[in-house]
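Here the structure is laid out as structure tokens; the discussion comes afterwards.
Here is how names work: the chains are called A, B, and so on, in the same order as the sequence lines, proteins then strands, and each is numbered from 1.
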Protein chains: 2
Amino acid sequence: MAKHSILETLNESLRKDTLTSISVMQFPPGQVLFSAGEHCRGLPLVLDGSIKVQMTGVSGQGIVLYRMGADDICTLSIGCLMTGRGYRAEAIVEEEAEAAIIPRGLFDRLMDQSAEFRLAIMESYGKRLDDLMLLVEEVAFRRMDERLEEWLLARASHGQRVLAITHQELGIELGTAREVVSRLLKELERQDQVRLARGKIELTGLAGKLAPA
Amino acid sequence: MAKHSILETLNESLRKDTLTSISVMQFPPGQVLFSAGEHCRGLPLVLDGSIKVQMTGVSGQGIVLYRMGADDICTLSIGCLMTGRGYRAEAIVEEEAEAAIIPRGLFDRLMDQSAEFRLAIMESYGKRLDDLMLLVEEVAFRRMDERLEEWLLARASHGQRVLAITHQELGIELGTAREVVSRLLKELERQDQVRLARGKIELTGLAGKLAPA
DNA sequence: CGCGTTCAGTGATAAAGTCACACAGCTAAC
DNA sequence: GTTAGCTGTGTGACTTTATCACTGAACGCG
């Protein structure tokens, strides 16, 4: 059964209608939920797991725009739904995910009949805009070594000290080239902040700077 | 009297209510509509003129996120309104502007009672997200010389061949440093693409590549 | 084991950002 | 008109990041 906090904004009757007309789907890691150019068929609710949304430039280089996790709404889809434009980004499952899709008609009805639902949608939209603005700032003004360190620490604070990720993937996270990541990591290794192995990064010295769990 | 296409999504009675409760204001060039950190008091409708929305990084460097013109809605404000967060950007009038503000309460009512109004709002939101994603791509992957040329041509195609702008301002448009702009422009001048003067850029050779008016 | 594939390291070079400073063009006060 | 001061531009020196080309290491599998 679908469990998503936005459903709690609905009254008894709308919620029942919604639950009967959506079905929860499972997606394995690596699965592509949607890709650039595709059109949108409804509003995806993420119930569980982790999904990254990334964009690919003409050069073939990519950058991760944001992630969605349990209880998120794929607000990007609403834009596509409303403007009729295709997606500009692609969504890829990272950790086994559960999601349900609210079809267009039902979405319109919920927007019409529930002020709370509307509020939740607008809030999610606002948050997404905010995220993207932060990203613009990151990319335009901040140094890559700082961004890399922060990325590693953000990951580590979720408990792991050994990250399983390739330099290529990290490049896409930060929107830079693989070589740049390799060089910066090598420098961190020289400073005893990390230990490197194929496909793995172990945080050693850096762990001292860990955000409180 | 306020003239904005979103008002046409409203029925007779809602439109009348709206028109009586909003007032059109005039803003001279240079006026700051809102600045970073401020809280939002309603949804601004742009009736006429040109307003740029820009962000300033910690380094003090800025970048223009997008522009609003006649018939635009300041969707960014909705996000602030809904999440309660302050603005992350600032809005500055470029060309004498007219705008009206729909207060929070009325906005909620319009969202409640007009499906068409809702649609227009969501559409505007979608477009803004799209703009920002394009910007991320620009900043992350494209070369500065290309972006500069494109910016100049986009301006020129509005009729002018002589742009009144300083290198500093151009730097903020593109999110780069003044020196970088100076050097790239100097190079264009060496190639007889532009002629430079204090506070002015005249498009000469570049004008051949003008987008059809 | 040997072979192919993916991942990582690195030198060379180009583009962009940063810092420091010189100087030019304009304005306003004298 | 001359001069002081401000804003805008030009440029050298240097750092950081991006790009290109290539090498070799680690792994997966027949």
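- The separation between A:R183 atom CZ and D:dC20 atom C1' is 10 Å, rounded to whole Å.
- Set against C:dT18, C:dG17, D:dT11, the side chain of B:S182 has D:dT11 as its closest nucleotide.
- Checking C:dG9, C:dA16, D:dG10 against the side-chain heavy atoms of A:L196 singles out C:dG9 as nearest.
- Taking only side-chain nitrogens and oxygens, B:Q61 never comes nearer than 4.0 Å to OP1 or OP2 of C:dG17.
- Rounded to an integer number of Å, the gap from CZ of B:R142 to P of C:dA16 is 11 Å.
- A:R143 comes within contact range of the sugar-phosphate backbone alone, with a heavy-atom separation under 4.0 Å but no base atom that close.
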Please tabulate, for the side chains in residues 74-81 of chain A, all donor-acceptor contacts under 3.5 angstrom to protein atoms that are two or more places apart in sequence or on a different chain.
{"residue": "A:T75", "atom": "OG1", "partner": "A:I73", "partner atom": "O", "Å": "3.3"}
{"residue": "A:T75", "atom": "OG1", "partner": "A:S124", "partner atom": "OG", "Å": "2.5"}
{"residue": "A:S77", "atom": "OG", "partner": "A:C74", "partner atom": "O", "Å": "3.4"}
{"residue": "A:S77", "atom": "OG", "partner": "A:Y87", "partner atom": "OH", "Å": "2.7"}

Where do N or O atoms of nucleotides 21-30 of chain D meet protein N or O atoms at under 3.5 Å, pair by pair?
{"residue": "D:dA26", "atom": "N3", "partner": "A:R198", "partner atom": "NH1", "Å": "3.2"}

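- When the side-chain nitrogen and oxygen atoms of B:T176 are compared with OP1 and OP2 of C:dG17, one or more of them lie within a distance under 4.0 Å.
- Contact between the side-chain N/O atoms of A:H167 and the OP1/OP2 oxygens of C:dG9 is found at a separation under 4.0 Å.
- When the C1' atom of D:dT7 is taken as reference, atom CD of B:E169 falls 11 Å away, rounded to whole Å.
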**Request:** Could you walk me through whether A:R128 and A:D131 pass salt bridge (Lys or Arg N to Asp or Glu O under 4.0 Å), step by step?
**Result:** CA-CA 5 Å; A:R128 206 55 83 210; A:D131 286 351; 3.2 Å; yes
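- One finds a salt bridge joining A:R190 and A:E187 here, because a Lys/Arg side-chain nitrogen approaches an Asp/Glu carboxylate oxygen to under 4.0 Å.
- The nearest whole Å value for the distance from the CE atom in B:M144 to the P atom in C:dG17 is 4 Å.
- Annotation: of the two residues near DNA chain C, A:G199 and A:A140, the 5′-most nearest-nucleotide partner is A:G199.
- Between the C1' atom of D:dT19 and the CZ atom of B:F141 lies a distance of 14 Å, rounded to the nearest Å.
- Defined by atom type and a distance below 3.5 Å, a donor-acceptor pair is missing between the side-chain atoms of A:E8 and A:S5.
- Across the protein-nucleic acid pair, B:D145 atom CG and C:dA14 atom C1' stand 11 Å apart, rounded to whole Å.
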Below 3.5 Å, can you tabulate the donor-acceptor pairs from side chains in residues 22-33 of chain A to any protein atom, sequence neighbours excluded?
{"residue": "A:Q26", "atom": "NE2", "partner": "A:E98", "partner atom": "OE2", "Å": "3.4"}

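- Between A:I63 atom CD1 and D:dT17 atom P the separation is 14 Å, expressed in whole Å.
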**Message:** Applying side chain to side chain contact (heavy atoms under 4.5 Å, CB included) to A:M133 and B:L65, what does each step give before you reach the verdict?
**Reply:** CA-CA 8 Å; A:M133 286 171 63; B:L65 298 175; 3.6 Å; yes
**Asked** What's the verdict on side chain to side chain contact (heavy atoms under 4.5 Å, CB included) for B:L203 and B:I201, showing C-alpha distance, side-chain angles and the deciding distance?
**Response** CA-CA 6 Å; B:L203 306 195; B:I201 301 169; 4.1 Å; yes
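- Rounded to an integer number of Å, the gap from A:K186 NZ to D:dT17 C1' is 20 Å.
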